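Working notes for the structure below.
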Amino acid sequence: MKRAILLYNVQAGKGRAEKKVDKIVSIFRENGYELKPVVIDFSVNPFDDIDNIDLVVVAGGDGTLNYVVNRMKERGLDLTLGVLPAGTANDFAGALGMSRNVYKAARQIATGEVEKIDCGVVEPMNGKGEKLYFVNIFSFGIFTTTSQHTSDELKHKFGRLAYGIAGMHDLKNMHGIPLTITTDTESFYYPTLMALIFNGETAGRVRLARKSSLRDGVFDCLFLRKRNAFLSAMNMLLYLIGIKPRAVKFLRTKSLTLVTPTEEDTDVDGQNGGHFPLRVTCLAGELNIVCPKK
């Protein structure tokens, strides 16, 4: 029988995974896995005492998966991962094609196929700080760090709407970021209100990177130019309905460097993303992920 562990976040998605652990274990047992449930303790590395594992199943949201991937990389491990969508938005799981039903997703993993999936990494260019890996999105600017400031209590009460409620507070701090962007092919200055660097496809399940893929080895990047509040909101709305205004710059690149003289918060999958100047790189096929059979 193959050995697997279930790392689950008891706080994610109103405790969705914790309530369903026994059934998840039985689904994997039916498919030839001995699955050991382990509650994630975010103060320690979950891989400290784990060896001879065929599969790591992660139950939580994008932030939980981000934590597991980064701790795995810390130990220099290259394990196969399965993703159970038990968080609020579950953008990465959605891009993989996982069912939103936890039990169906468990069966998809237990009977699925391992694929090579891209992963992003953020590195400080001044040597201060550590590498941060991300599976779905790196971002900065207005609304992008909202998830860091959204309490579990608010998410449990309102679900994805909680991000919108918390995001209203960001409007008071709206400001432009004097940004120099260098990609694989060009370098330019762009006063930026918001930046989204997608490895995945969605943010809060909203498909902003319409051509993005987890398997193409490049990022899909969106930069919203700073204008007044009304024009900025209109430009983003136009983009959402399929019109490309001049104030929204789109580009695709394998890597980019981002430099600004101001102190700005950044975000990787809902977690703190480090301080500028930064280099962001797409690592093609970096992760072994179990995906649903086609």
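As the structure is a computational prediction, the values presented were derived from the model and not from experiment.
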Do you see a donor-acceptor pair shorter than 3.5 Å between the side chains of N66 and N70?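 The criterion, which ignores hydrogens and geometry beyond distance, is satisfied for N70 and N66.
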
Does any donor atom in the side chain of S255 or T281 lie under 3.5 Å from an acceptor atom in the other side chain? no

Say whether V121 and V259 are linked into one hydrophobic cluster, either directly or through other cluster members, by side-chain heavy-atom distances under 4.5 angstrom. no

Taking the six-membered ring for Trp, are F276 and F140 ring centroids under 6.0 Å apart? yes

Just checking F198 against F250, ring centres under 6.0 Å apart?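 No; F250 has its ring centre 6.0 Å or more from that of F198.
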
Which residue, V21, L55, I27, V25, forms the side chain to side chain contact (heavy atoms under 4.5 Å, CB included) with L35? V25

Exactly one candidate in I5, T80, L77 meets side chain to side chain contact (heavy atoms under 4.5 Å, CB included) with I53; the answer is I5

Take a 6.0 Å sphere around CD of E186 and say whether it holds more than 12 heavy atoms from other residues, nucleotides or ligands.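 Yes, enclosed.
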
I'd like to check M72 versus L287 (side-chain heavy atoms, cut-off strictly below 4.5 Å). Are they in contact?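 Result yes, sub-4.5 Å side-chain heavy-atom pair found.
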
Any side-chain heavy-atom pair of L79 and F47 under 4.5 Å: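 Yes, close enough: below the 4.5 Å cut-off.
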
Would you call E201-R207 a salt bridge at under 4.0 Å N-O? yes

Do D48 and R75 meet the salt-bridge criterion of a basic N to acidic O distance under 4.0 Å? yes

Working for side-chain contact (heavy atoms from CB on, under 4.5 Å), residues V57 and V290: CA-CA 9 Å; V57 181; V290 181; over 6 Å; no

Candidate pair I117 and L96, rule side-chain contact (heavy atoms from CB on, under 4.5 Å), full reasoning: CA-CA 9 Å; I117 299 297; L96 292 174; 4.1 Å; yes

Checking side chain to side chain donor-acceptor pair (under 3.5 Å) against T253, which of T182, T183, D184, T185 comes through? D184

Could you give the distance from CG (D220) to CG (L208), rounded to the nearest 0.5 Å? 11.0 Å

